[in-house]
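Only one structure is covered here, and it is reproduced in the block below.
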Amino acid sequence: MEAKGAFAMLDRVPRSFDEVLVGSTFSPAALASALVELELTGLVIQHPGRLYERI
């Protein structure tokens, strides 16, 4: 479920991990896990500098 919540917070504009974390109710570990899951499923891309973007 965390991956679904993290995905909803992202869009086509890259956002830093900290920006996503501040706007969420996740712990840092839960958010990191959700973002990795989204990367592995091909729904999110991580740019240099820990910037995340929806694909």
Side-chain angles (χ1 to χ4, degrees):
M1 267 315 163
E2 290 157 344
K4 186 176 182 179
F7 184 74
M9 298 184 65
L10 297 170
D11 53 32
R12 294 287 300 159
V13 177
R15 295 179 65 199
S16 73
F17 180 87
D18 290 336
E19 286 178 286
V20 179
L21 183 62
V22 167
S24 77
T25 59
F26 299 127
S27 69
L31 179 59
S33 175
L35 290 170
V36 167
E37 182 179 336
L38 290 167
E39 282 183 82
L40 292 173
T41 57
L43 297 173
V44 168
I45 188 169
Q46 180 181 358
H47 297 283
R50 281 182 90 182
L51 298 175
Y52 295 89
E53 175 187 358
R54 237 183 192 179
I55 296 179

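Computed from a predicted structure; not experimentally measured. Note that the numbering runs from 1 along the sequence shown for the chain.
Although no hydrogens or angles enter the test, the distance criterion places no donor-acceptor pair under 3.5 Å between the side chain of Arg15 and the main chain of Leu10. Judged by distance alone, the side chain of Thr41 and the main-chain N or O of Glu37 form a donor-acceptor pair under 3.5 Å. In this structure, Arg12 contributes its side chain and Arg54 its backbone to a donor-acceptor pair below 3.5 Å.
When all heavy atoms of Phe26 and Leu21 are compared, the pair lying nearest together is O-CD1, 3.4 Å. Contact detail for Ala6 and Ala34: the closest heavy-atom pair is CB-CB, 3.9 Å.
Considering CD of Glu2 and OG of Ser27, their distance stands at 7.0 Å, rounded to 0.5 Å. Distance check: Arg50 CZ to Glu19 CD gives 12.5 Å after rounding to the nearest 0.5 Å.
Under the side-chain contact (heavy atoms from CB on, under 4.5 Å) rule, Ile55 has a single partner from Leu38, Ile45, Leu43, which is Ile45.
With contacts defined as side-chain heavy-atom distances shorter than 4.5 Å, the pair Val36/Ser33 does not qualify.
Placement of Leu51 and Val20 in two distinct hydrophobic clusters is found when ILVMFWY residues are connected by side-chain heavy-atom separations under 4.5 Å, directly or transitively.
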